[in-house]
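In what follows, a structure is listed as structure tokens, so that the remarks can point back to it.
Chain letters run A, B, ... following the sequence lines, proteins first and then strands; every chain starts at 1.
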2 protein chains.
Amino acid sequence: MELDDYIAQSARQSQTMADAIAAALRQAISEGALADGAPLRQAELAEKFRVSRIPIREALLKLEREGLVETRPRRGTVVTALDADAFQEILEMRLALESLALRLSIARMQEPDIAAACTILRQTEDALRDPPTTHDRSKEFETRWGEVNWQFHRALYHACGRPRLLETIDNLHLLFARHLRVRLEIIAPTRTGHESRDVQKNRSEWAGVVQEHRDLLDACQARDVSRAEAVLERHIRLNGDELVRRLVAAR
Amino acid sequence: MELDDYIAQSARQSQTMADAIAAALRQAISEGALADGAPLRQAELAEKFRVSRIPIREALLKLEREGLVETRPRRGTVVTALDADAFQEILEMRLALESLALRLSIARMQEPDIAAACTILRQTEDALRDPPTTHDRSKEFETRWGEVNWQFHRALYHACGRPRLLETIDNLHLLFARHLRVRLEIIAPTRTGHESRDVQKNRSEWAGVVQEHRDLLDACQARDVSRAEAVLERHIRLNGDELVRRLVAAR
DNA sequence: CATGCACCGTATGTATACAATCTACCGTAT
DNA sequence: ATACGGTAGATTGTATACATACGGTGCATG
């Protein structure tokens with residue numbers, strides 16, 4: 001997918017070009033279309049998006065805010081590269097803030113909130129029952145699954161009614177997901193002969209995740225804060241530590 | 001203090017005008033020189049800072065990132081107004097993240113870190129022993145004290161070695177401190193006749209804060225994580241809840 | 001042969017100029 | 001009198017053009 005395609009999606013729903021471009025770049029970077037440290041030259045992007053460098057610069061500033069890119073004055077902007085330490089740090093922050101959001105959320109959760117989370121959980125299960133067959137669809141599936149997976153978490157936190165907290169959590173997740181994807185591709189690139197085994201392995205991993213989600217929802221319904229937090233902590237830690245381990249092993 | 005003065009301070013140490021202007025505006029807003037909801041018109045700022053609107057726009061984008069201002073497309077930028085709920089939210093986030101930072105910090109603290117915190121604590125005590133006499137100096141004193149107070153917290157968290165975490169905490173504190181200042185001015189404006197009583201009251205409050213800081217440092221030296229966290233939580237909560245109470249009572 | 005310096009290409013930072021849109025005011029019609 | 005629509009002013013968003021600093025290459029020199 002080229003940058004040109006990203007822009008078309010968000011062009012009309014944003015009120016300014018800078019916003020649309022920021023959204024397009026955000027998605028492109030998040031999907032791993034640009035490698036760690038890849039330079040983002042203003043003139044090049046301006047040509048691609050058919051705008052001047054002004055909205056490009058403003059879009060890059062927004063991305064810098066989110067930690068997706070880094071700019072050194074007069075030396076340009078590059079996609080942020082996160083090492084294992086940074087990954088660990090983001091994980092710890094997620095743990096602290098998502099625990100907080102969950103705790104606050106449980107106290108204020110109503111029926112509709114639980115119903116929404118339940119619906120998404122079912123979608124997750126459906127997605128899991130319909131595994132990808134070809135290699136091309138495997139990656140698409142992975143992306144889709146990652147999204148719906150995060151939607152579930154968001155649904156649980158939504159009732160907390162803390163906009164800044166939710167925004168920060170979203171931001172951290174974005175960073176997390178991007179580097180999760182990039183690193184996994186580097187560490188375990190899907191080779192032609194090993195597709196099915198990789199998918200198989202992921203399927204069983206994901207089944208575990210779904211189970212944890214179910215536990216989480218149960219605890220929320222029961223308004224059992226301490227159990228919910230324990231499950232969430234374990235949930236995040238399991239996935240995160242697993243990855244940090246692979247990262248450390250790979251370097 | 002006029003905006004022109006702010007710029008002079010940071011003009012030479014920043015590499016771009018946008019950065020310098022962002023720093024100047026940040027300080028101005030933080031000090032409460034601009035009221036909640038005050039409009040920041042680009043042309044006006046451009047004239048004040050003797051630059052074009054381009055670096056102004058970029059500075060405003062940086063401030064938007066930090067939550068100090070809010071921009072609605074084609075409708076301009078205003079200083080962010082925080083209500084009691086937002087204040088509560090920021091307090092909760094501080095609690096979660098500062099606890100995390102402190103916990104991580106204690107595990108990695110070395111002698112120099114403790115010595116640095118100790119030095120700052122002593123400065124705090126000195127500042128307290130030298131109270132302001134005139135009304136003009138009272139506000140200046142308050143600002144200075146707030147800074148050194150925060151420096152102590154920073155010193156404690158510094159050893160954690162988590163740059164993103166520290167940045168986020170700093171950002172939250174900036175928002176917190178700004179609105180603390182603005183709200184207190186609104187709620188209890190220092191009238192000519194009541195200066196000394198106000199200062200007196202603040203002095204006893206602050207003495208309590210210093211005592212808590214000492215407890216905190218003790219717990220860190222003893223590497224007693226749970227005690228340190230308990231003291232910190234109580235410390236932040238006391239100050240915060242006190243303010244939220246006043247805010248709610250005042251509206 | 002290594003090292004330091006000067007020049008040039010390239011990319012970013014900023015100024016000026018133009019376009020688009022929002023707000024406020026005023027006139028008109030009901 | 002009030003509500004509605006249109007126009008003018010002001011303000012933001014973007015394009016184009018210019019200024020400036022960084023990095024590399026080549027040459028001169030010790």
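Separation of atoms CH2 (B:Trp150) and CG (B:Asp170) is listed at 6.0 Å; rounding is to 0.5 Å.
Listed nucleotides: C:dT12, C:dT16, D:dT14. Nearest to the side chain of A:Thr16: D:dT14. Relative to the side chain of A:Ala18, the nucleotides D:dT14, D:dG23, C:dT14 differ in distance, and D:dT14 lies closest. Between D:dG23, D:dT14, D:dA15, one nucleotide has an atom nearer to the side chain of A:Val51 than all others, and that is D:dA15. When each of D:dG13, C:dA15, C:dG13 is scored by its nearest atom to the side-chain atoms of B:Pro55, the top-ranked nucleotide is C:dA15.
D:dT11 atom P lies 9 Å from atom CD of B:Glu44, rounded to whole Å. Note: CZ (B:Arg53) to C1' (C:dT16) measures 11 Å, nearest angstrom. Nucleotide C:dG13 holds its C1' atom 17 Å from the CZ atom of B:Phe49, rounded to whole Å. The CZ atom of B:Arg50 sits 20 Å away from the C1' atom of C:dG13 (whole-angstrom rounding). Taking atom CG of A:Leu61 as the reference point, atom P of D:dT14 lies 13 Å away to the nearest angstrom. Between B:Met17 atom CE and D:dT20 atom C1' there is a gap of 14 Å when expressed in whole angstrom units. Between the P atom of C:dA15 and the CZ atom of B:Arg57 lies a distance of 14 Å, rounded to the nearest Å. Straight-line distance from the CD atom of B:Glu47 to the C1' atom of C:dA15: 15 Å, rounded to whole Å.
Remark on DNA chain C: of its neighbouring residues A:Thr77 and A:Ile54, the 5'-side contact belongs to A:Thr77, judged by nearest-heavy-atom nucleotide. Two residues, A:Ser52 and B:Leu40, neighbour DNA chain D, and the one matched to the more 5' nucleotide by heavy-atom proximity is B:Leu40.
Side-chain N/O atoms of A:Gln42 include one lying less than 4.0 angstrom from OP1 or OP2 on C:dG13. Between A:Arg75 and the phosphate of D:dG23, there is a side-chain N or O to OP1/OP2 separation shorter than 4.0 Å. Contact check, B:Arg41 against D:dT11: a side-chain N or O comes under 4.0 Å of OP1 or OP2.
When only modelled atom types and interatomic distance are considered, A:Gln151 and A:Glu147 share no side-chain donor-acceptor pair under 3.5 Å.
The pair B:Glu89-A:Arg162 does not meet the salt-bridge criterion, since no charged nitrogen lies less than 4.0 angstrom from a carboxylate oxygen. Salt bridge B:Glu31/B:Arg181: absent, no basic N to carboxylate O contact under 4.0 Å. With respect to A:Asp85 and B:Arg164, no salt bridge is recorded, no charged nitrogen being found less than 4.0 Å from a carboxylate O.
Base pairing analysis places C:dT30 opposite D:dA1; the two distances defining the Watson-Crick or G-U wobble pair are each below 3.5 Å.
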